[in-house]
Amino acid sequence: MTLTVGVIGAGRIGKLHVDNLRLIPQIRIKSVSDVATDHLESWANEKQIDVLTTDYRELLNDPEIQAVFICSPTNTHATIIKEAAQAGKHIFCEKPVSFSVAETEEALTVVENAGVKLQVGFNRRFDPNFRKIRTLVKEGEIGTPHILRITSRDPQPPSIDYIKSSGGLFMDMTIHDFDMARYVMGSEVVEVSAYGAVLVDPAIGEAGDIDTAIITLKFANGALGVIDNSRSAAYGYDQRLEIFGDKGAAQVDNNRATTVEVSTNDHVKKEKPLYFFLERYTQAYIEEVTEFASACLGNKEVSCSGFDGLQAERIAKAAQQSLETGAPVQLTQAAATIVN
């Protein structure tokens with residue numbers, strides 16, 4: 001059985017998904033669309049892509065295509081999701097679904113009514129280290145969770161043009177951590193407090209954003225969480241997590257090129273963390289598209305649903321409100337327990 005796929009958006013992440021989809025024998029990538037395609041012709045030929053177009057609706061109108069990957073800018077996601085669902089296509093969409101909770105809810109309603117699958121691209125769920133932590137929590141290895149700590153720091157900030165269209169630090173960057181908090185804890189976030197500063201680049205502040213943040217979370221199960229973010233870590237891509245419970249604790253450290261540690265009379269040295277997210281999450285990106293393909297071919301539930309995307313957006317919006325008001329923000333829309 002083969003799943004025929006179209007990819008909408010051929011930027012960095014779209015091309016990454018094409019490479020990873022080509023690793024799956026049951027996948028045929030028929031079409032790719034982008035706003036400009038002249039520079040993509042040799043790449044498309046190399047990747048054995050049959051159709052290259054500037055109109056994504058050609059993919060949606062193609063009866064052979066069963067699923068689409070939405071890798072276009074965020075402000076296009078909700079519209080394309082609705083059109084793809086109405087065309088009967090299964091959908092993989094990069095995060096976030098939109099910048100508006102109401103718009104995301106509308107898109108999810110269309111998906112539900114159409115009876116198609118929607119997976120949101122929170123790739124960190126598919127990292128084997130974080131999956132192991134989630135399993136330990138579910139199996140009670142650390143007992144009742146009390147405290148979750150997440151550190152997420154980029155090696156350098158994106159361009160100011162990107163910052164201006166990103167939706168802000170919480171919607172662009174911390175949203176991964178909000179999803180990870182729900183995923184690992186297995187409980188919904190019910191209260192958010194956020195603090196932010198511009199410590200990396202004044203131009204980020206001039207663009208209306210922050211580059212450094214501390215966010216505290218309260219969960220429905222009574223546990224507490226803290227997330228720290230920075231747009232610039234001089235030593236590389238810093239991705240760590242610890243969960244502490246009444247029977248113990250579990251940690252995820254950074255991935256490094258090697259695990260060699262050198263100890264001498266002068267120093268103790270080990271490798272820096274891997275520098276870029278594409279290096280750190282190589283296997284996770286492969287696993288997420290493999291599981292999406294499996295869900296489509298086997299008619300199974302996706303591993304990261306539209307509802308998961310919606311909940312992360314709600315937390316991001318609450319964090320922004322807390323930053324602006326200086327007060328904690330309650331989330332009342334969430335169920336108490338996550339079942340996936």
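Keep in mind that what you see is a predicted model, and the values were worked out from it rather than measured.
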Open item on the list: Restricting to non-hydrogen atoms, name the atom on S232 and the atom on V200 that form the minimum distance, rounded to 0.1 Å.
Closed with: CB-CG1, 3.6 Å
Open item on the list: Would F170 and I315 count as a side chain to side chain contact (heavy atoms under 4.5 Å, CB included) here? Give the steps.
Closed with: CA-CA 9 Å; F170 297 136; I315 302 169; over 6 Å; no
TODO: Return yes if some donor-acceptor pair links the side-chain N/O of D209 with the main-chain N/O of G205 below 3.5 Å, else return no.
DONE: no
Task: Check: S303/E291 side-chain N/O donor and acceptor closer than 3.5 Å - done: yes
Open item on the list: Quick check against the 3.5 Å criterion: does K117 have a side-chain atom that pairs as donor or acceptor with the backbone of F92?
Closed with: no
Open item on the list: Under 4.5 Å between side-chain heavy atoms, counting indirect links through other Ile/Leu/Val/Met/Phe/Trp/Tyr residues: same cluster for I13 and Y281 or not?
Closed with: yes
Task: T282 side-chain N/O to E279 backbone N/O, donor-acceptor pair under 3.5 Å - done: yes
- [ ] Would you kindly say whether H77 and E103 are connected by a side-chain donor-acceptor distance under 3.5 Å?
- [x] no
TODO: Give the intermediate values and the outcome of side-chain hydrogen bond (donor to acceptor under 3.5 Å, both in side chains) for residues T53 and E58.
DONE: CA-CA 8 Å; T53 177; E58 288 188 26; 3.1 Å; yes
Task: Short N-O contact, R240 and D238, less than 4.0 angstrom - done: yes
Task: Between S98 and T104: side-chain donor-acceptor atoms closer than 3.5 Å - done: yes
Task: E141 CD: over 12 foreign heavy atoms closer than 6.0 Å - done: no
Task: Pairwise side-chain contact, L169 with D211, heavy-atom cut-off 4.5 Å (strictly under) - done: no
- [ ] Verify side-chain hydrogen bond (donor to acceptor under 3.5 Å, both in side chains) between E94 and H17, making sure each step is shown before the conclusion.
- [x] CA-CA 10 Å; E94 279 301 321; H17 285 318; 2.6 Å; yes
Task: Minimum-distance pair of heavy atoms, taken over all atoms of E242 and Q251 - done: OE2-NE2, 3.2 Å
Open item on the list: Is there a path of hydrophobic side-chain contacts, each under 4.5 Å between heavy atoms, that joins L136 and I150?
Closed with: no
- [ ] Verify, without hydrogens or angle tests, whether T174 (side chain) and D177 (backbone) share a donor-acceptor contact under 3.5 angstrom.
- [x] no
Task: Smallest separation among heavy atoms of A107 and I81, with atom names - done: CB-CG2, 4.1 Å
TODO: Share the residues that join F244 in a hydrophobic cluster, the rule being Ile, Leu, Val, Met, Phe, Trp or Tyr side chains under 4.5 Å apart at the heavy-atom level.
DONE: I147
- [ ] Answer yes or no: is there a donor N or O on one side and an acceptor on the other, between the side chain of N229 and the main chain of A213, under 3.5 Å?
- [x] no
Open item on the list: Once rounded to the nearest 0.5 Å, what's the spacing between atom OG1 of T258 and atom CD of E261?
Closed with: 10.5 Å
TODO: Could you identify which residues cluster with I286, counting Ile, Leu, Val, Met, Phe, Trp and Tyr as linked when any side-chain heavy atoms lie under 4.5 Å apart, either directly or through a chain of such contacts?
DONE: L23
Task: Pairwise distance CZ(R231) to CD1(I204) - rounded to 0.5 angstrom - done: 6.5 Å
Task: Gap between atom NE2 of H90 and atom CG of L297 - 0.5 Å precision - done: 8.5 Å
TODO: Please answer whether the main-chain N or O of Y162 pairs with a side-chain N or O of S159 as donor and acceptor at a distance below 3.5 Å.
DONE: yes
Task: 4.5 Å side-chain heavy-atom contact, D154 and S230 - done: no
Task: Minimum heavy-atom distance Y195-L323, with the two atoms named - done: C-CD1, 3.9 Å
TODO: Decide yes or no for T290 and L21: does some side-chain heavy atom of the first lie under 4.5 Å from some side-chain heavy atom of the second?
DONE: no
TODO: May I ask you to say whether R125 pairs ionically with D179, meaning some side-chain N is under 4.0 Å from a carboxylate O?
DONE: yes
TODO: For residues I243 and I133, determine if any side-chain heavy atom of one lies less than 4.5 Å from a side-chain heavy atom of the other.
DONE: yes
TODO: Report the distance from atom CD1 of I80 to atom SG of C71, rounding to the nearest 0.5 Å.
DONE: 9.5 Å
Open item on the list: Under 4.5 Å side-chain heavy-atom separation, chaining through any Ile, Leu, Val, Met, Phe, Trp or Tyr, what else clusters with Y235? Say none if it is isolated.
Closed with: none
Task: Those residues that, when tested against H176, pass ring pair (Phe, Tyr, Trp, His ring centres under 6.0 Å) (two or more places apart) - done: F122
Open item on the list: L224: which residues meet the side chain to side chain contact (heavy atoms under 4.5 Å, CB included) condition with it, sequence neighbours left out?
Closed with: K218
Open item on the list: Quick one about S152 and Q239 (side-chain donor to acceptor, distance below 3.5 Å, no hydrogens or angles considered), yes or no?
Closed with: yes
- [ ] Please report the shortest heavy-atom distance between I24 and A293, naming the atom on each side.
- [x] CD1-CB, 4.4 Å
Open item on the list: Assess the residue pair Y275 and Q156 against the criterion (side chain to side chain contact (heavy atoms under 4.5 Å, CB included)); give the C-alpha distance rounded to whole Å, side-chain angles, the decisive distance to 0.1 Å, and a yes or no.
Closed with: CA-CA 9 Å; Y275 189 77; Q156 61 183 18; 3.5 Å; yes
Task: Any I8 side-chain heavy atom under 4.5 Å of T76 side chain - done: no
Task: Linked, directly or transitively: F69 and I27 (ILVMFWY side chains, under 4.5 Å) - done: yes
TODO: Give a yes or no on whether the backbone of I65 and the side-chain of K89 come within a donor-acceptor separation of less than 3.5 Å.
DONE: yes
Open item on the list: As an exercise, state the distance from CZ of R124 to CD of E288, rounded to the nearest 0.5 Å.
Closed with: 11.5 Å
- [ ] Answer yes if the ring centres of Y285 and F126 are under 6.0 angstrom apart, and no otherwise.
- [x] no
Task: Over all atoms of both residues, closest heavy-atom pair of S187 and A220 - done: OG-N, 3.4 Å
Open item on the list: In the structure I gave you, are the side-chain heavy atoms of N61 and L59 within less than 4.5 Å of one another anywhere?
Closed with: no
TODO: Answer with yes or no whether the hydrophobic clustering places L217 together with V329; edges join I, L, V, M, F, W, Y residues whose side-chain heavy atoms lie under 4.5 Å apart.
DONE: no
Open item on the list: Give me each pair satisfying salt bridge (charged side-chain N to carboxylate O under 4.0 Å, His left out) with a member in residues 13-32, each pair once, sequence neighbours excluded.
Closed with: D19-K47, R28-D50, R28-E64, K30-D62, K30-E64
Open item on the list: Please determine whether a side-chain nitrogen of the Lys or Arg among R182 and D308 lies less than 4.0 Å from a carboxylate oxygen of the Asp or Glu.
Closed with: yes
Task: Option passing side chain to side chain donor-acceptor pair (under 3.5 Å) with R280 (candidates N123, N254, D127) - done: D127
- [ ] Would you give the length of the straight line joining atom CG of D253 to atom CG of L241, rounded to the nearest 0.5 angstrom?
- [x] 11.0 Å
TODO: Determine yes or no for a side-chain-to-main-chain donor-acceptor pair under 3.5 angstrom, with E313 supplying the side chain and V97 the backbone.
DONE: yes
Task: Flag if over 12 foreign heavy atoms under 6.0 Å of CD, E301 - done: no
- [ ] Taking atom CD of E112 as the centre, report whether more than 12 heavy atoms of other residues, nucleotides or ligands fall under 6.0 Å from it.
- [x] no
Open item on the list: Taking A318's backbone N and O only, do any of them form a donor-acceptor pair with S322's side chain (distance below 3.5 Å, no angle check)?
Closed with: no
Open item on the list: With clusters defined by side-chain heavy atoms of hydrophobic residues (ILVMFWY) lying less than 4.5 Å apart, directly or transitively, does L52 cluster with I29?
Closed with: yes
Open item on the list: Any side-chain to backbone donor/acceptor pair from Q66 onto T4? Under 3.5 Å, distance only.
Closed with: yes
Open item on the list: Under a 3.5 Å cutoff, is there a donor and acceptor pairing between the side chains of Y56 and E83?
Closed with: yes
TODO: State plainly whether the residues E105 and R314 are in salt-bridge range, i.e. N to O under 4.0 Å.
DONE: yes
Task: R149 with D228: basic N within carboxylate O range, under 4.0 Å - done: no
- [ ] Using a strict cut-off of less than 4.0 Å between a Lys/Arg side-chain nitrogen and an Asp/Glu carboxylate oxygen, indicate whether K95 and D172 qualify as a salt bridge.
- [x] yes
